[in-house]
Chemist: 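Below you will find the structure I want to go over with you.
Just so it is clear, the model here is predicted, and its values are computed rather than measured. Excluded from the calculations below are hydrogen atoms, water molecules and symmetry mates; all remaining heavy atoms, backbone and side chain alike, are included. Numbering starts at 1 and runs along the sequence shown.
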Amino acid sequence: MKAVLAAESLSVSWQPGERVLREIYFSLFPGELVGVIGASGCGKSTFCLALAGIIPRHLPGQVEGKILLAGQDIAQLNRAEIAGALGIVFQDPETQLFLTRVKSEIAFGPENLCLPQREIAARVHRVAAELGCQHLLAANPNELSGGQQQLVALASVLALEPKVLILDEVTSQLDPDTTQRIQAIIEDLRRRQAAVLMVAHDLSQLATADRVLLLRDGALEAVGELENQDLSKIYRGGPR
């Protein structure tokens, strides 16, 4: 099976000579859920931003190596080509919400792909129903709670029907019921052969992951069985 997202010898620096990520090799396959864990500030968000092509396209930084999206060098793809295949949801939803109505926010991506209006409307209402946020469609995202904003941000990405979904600690502001709903959506995406990379601190959210990787000292390491793991020892490099 061919990887839908891959990194080859990926290194990322925010400042010249100061690598946050070092020579990372990574593959994500259709239908797979891969979890990424690590101590605060270890570079998990940087990893997500680089895989999505946001660094260096939209954020200043130096990327070495190659990222392949569906076998193509992401550096050679335009914004629409990336958005049609890969979606990312940030830990802070305010960074990706900028319109005055939730309905417009969810419709924005499909509109920019020039989809028919009927298809756009269908996608908006479908993802809103899946996430249980139909009642928010007329609301202003700036007036919502952090958890509600996170749902809207996720809905706006799901409306694009990406084959790759990157989730950077998206459940940190959500209640248990909403978190469970998102877990169900992830499982549905996997059944439809979408690939999911999920950064999380709560290991229970990665219970169904095919693999869990630890980001430490700029490199990825495989983590064994999650049950009864002591994260503090894992992050320090202690016994597993």
Side-chain angles (χ1 to χ4, degrees), residues 5 10 12-15 20-21 35-63 67 69 74-75 77-113 123-124 127-128 130-133 136-137 139-162 164-175 178-179 181-182 185-186 189 196-202 205 215:
L5 182 65
L10 174 65
V12 180
S13 305
W14 290 110
Q15 301 292 335
V20 178
L21 306 178
V36 174
I37 62 174
S40 296
C42 71
K44 300 186 297 296
S45 293
T46 298
F47 182 52
C48 293
L49 292 168
L51 288 177
I54 295 172
I55 308 170
R57 191 183 299 251
H58 303 294
L59 291 176
Q62 183 178 0
V63 175
I67 298 166
L69 178 59
I74 201 169
L77 301 177
N78 61 42
R79 183 182 298 183
E81 289 170 329
I82 296 173
L86 181 151
I88 181 170
V89 184
F90 306 129
Q91 182 178 4
D92 181 1
E94 289 185 347
T95 61
Q96 60 189 122
L97 300 177
F98 54 92
L99 297 175
T100 58
R101 288 291 179 270
V102 168
K103 183 177 180 179
S104 300
E105 197 74 60
I106 300 173
F108 180 80
E111 286 174 346
N112 277 268
L113 295 181
R123 291 192 184 194
V124 168
V127 298
E130 289 177 351
L131 289 170
C133 59
L136 301 177
L137 289 176
N140 185 331
N142 294 321
E143 299 173 354
L144 300 178
S145 68
Q148 290 172 326
Q149 288 178 335
Q150 193 62 278
L151 285 180
V152 175
L154 178 58
S156 68
V157 170
L158 292 179
L160 289 164
E161 299 184 352
V164 179
L165 182 63
I166 299 175
L167 304 175
D168 187 5
E169 298 195 38
V170 299
T171 59
S172 60
Q173 301 186 62
L174 302 181
D175 60 61
T178 306
T179 297
R181 183 188 292 268
I182 289 177
I185 289 172
I186 290 173
L189 289 170
V196 182
L197 172 67
M198 186 173 186
V199 173
H201 269 297
D202 184 351
Q205 297 173 21
L215 184 57

Chemist: Restricting to non-hydrogen atoms, name the atom on Ala52 and the atom on Ile88 that form the minimum distance, rounded to 0.1 Å.
Modeler: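 Heavy atoms of Ala52 and Ile88 come nearest at CB-CD1, 4.0 Å.
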Chemist: Is a donor on one side and an acceptor on the other found under 3.5 Å between the side chain of Gln96 and the backbone of Phe90?
Modeler: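 A pair under 3.5 Å: yes.
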Chemist: CG of Leu49 to CD1 of Ile166: how many Å apart, nearest 0.5 Å?
Modeler: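 Taking CG in Leu49 and CD1 in Ile166, the distance rounds to 8.5 Å.
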Chemist: Which pair of heavy atoms, one from Pro93 and one from Gln91, lies closest together, and at what distance?
Modeler: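 Result for this residue pair: CD-O, 3.3 Å.
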Chemist: Got more than 12 heavy atoms from elsewhere within 6.0 Å of CD, Glu111?
Modeler: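 More than 12 heavy atoms, drawn from other residues, nucleotides or ligands, come within 6.0 Å of this atom.
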Chemist: Could you go step by step and tell me if Leu10 and Val63 meet the side-chain contact (heavy atoms from CB on, under 4.5 Å) rule?
Modeler: CA-CA 7 Å; Leu10 174 65; Val63 175; 3.6 Å; yes
Chemist: Inspect the surroundings of CZ in Arg79 and state if more than 12 heavy atoms from other residues, nucleotides or ligands are less than 6.0 Å away.
Modeler: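 Not more than 12 within 6.0 Å, no.
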Chemist: Can you pull out every side-chain hydrogen bond (donor to acceptor under 3.5 Å, both in side chains) where at least one residue sits in residues 42-54? Sequence neighbours excluded, please.
Modeler: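 Applying side-chain hydrogen bond (donor to acceptor under 3.5 Å, both in side chains) to every pair that reaches into residues 42-54, excluding sequence neighbours, yields Trp14-Thr46, Ser45-Asp168.
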Chemist: We want to know whether Thr171 and Gln205 form a side-chain donor-acceptor pair, criterion being a heavy-atom distance below 3.5 angstrom.
Modeler: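 Result is yes, a qualifying pair exists.
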Chemist: Can you give me the closest heavy-atom contact between His201 and Ser40, atom names plus distance?
Modeler: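 Scanning both residues completely, I find the closest heavy atoms to be NE2-OG, 3.9 Å.
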Chemist: Quick check: closest heavy atoms across Pro56 and Gly61, and the distance to 0.1 Å?
Modeler: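 Heavy atoms of Pro56 and Gly61 come nearest at CB-O, 3.2 Å.
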Chemist: Within the side chain of Arg181, is there an N or O that forms a donor-acceptor pair under 3.5 Å with the backbone of Glu130?
Modeler: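 Side chain of Arg181 to backbone of Glu130, a donor-acceptor pair under 3.5 Å: yes, one is there.
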Chemist: One pair to check against side-chain contact (heavy atoms from CB on, under 4.5 Å): Ile67 and Leu5. What are the steps and the verdict?
Modeler: CA-CA 7 Å; Ile67 298 166; Leu5 182 65; 4.1 Å; yes
Chemist: Roughly how far, to the nearest 0.5 Å, is CG of Leu137 from CD of Glu105?
Modeler: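 Here the rounded value is 12.0 Å.
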Chemist: Nearest 0.5 angstrom please: Leu69 CG to Leu77 CG, how far?
Modeler: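 If we round to the nearest 0.5 Å, Leu69:CG and Leu77:CG are 6.0 Å apart.
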Chemist: Closest approach of Ala159 and Pro110, non-hydrogen atoms and distance?
Modeler: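 Heavy atoms of Ala159 and Pro110 come nearest at O-CG, 3.6 Å.
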Chemist: Any side-chain heavy-atom pair from Pro162 and Leu86 closer than 4.5 angstrom?
Modeler: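 Pro162 vs Leu86: side chains apart.
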Chemist: Please assess Leu215 against Leu21 for the test side-chain contact (heavy atoms from CB on, under 4.5 Å), listing each intermediate value before the final yes or no.
Modeler: CA-CA 9 Å; Leu215 184 57; Leu21 306 178; 4.0 Å; yes
Chemist: Does any part of the side chain of Cys48, heavy atoms only, come nearer than 4.5 Å to the side chain of Val199, both counted from C-beta?
Modeler: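 Yes, at least one pair of side-chain atoms sits under 4.5 Å.
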Chemist: Mind checking the CD1-CZ spacing from Ile106 to Arg101? Nearest 0.5 Å is all I need.
Modeler: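 Those atoms lie 13.0 Å apart.
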Chemist: Any chance you could lay out the side-chain contact (heavy atoms from CB on, under 4.5 Å) test for Leu151 and Ile182, step after step, and finish with the verdict?
Modeler: CA-CA 9 Å; Leu151 285 180; Ile182 289 177; 4.2 Å; yes
Chemist: Of the non-hydrogen atoms in Met198 and Ile186, which two are nearest, and what is the gap between them?
Modeler: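 Answer, listing the atom of Met198 first, then Ile186: SD-CD1, 3.9 Å.
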Chemist: What's the separation between atom CG in Leu158 and atom CG in Leu189, rounded to the nearest 0.5 Å?
Modeler: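 Interatomic distance, Leu158 CG to Leu189 CG, rounded to 0.5 Å: 6.0 Å.
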Chemist: Please report the interatomic distance CZ(Phe108) to CG(Leu113), rounded to the nearest 0.5 Å.
Modeler: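 Output value for this atom pair is 10.0 Å.
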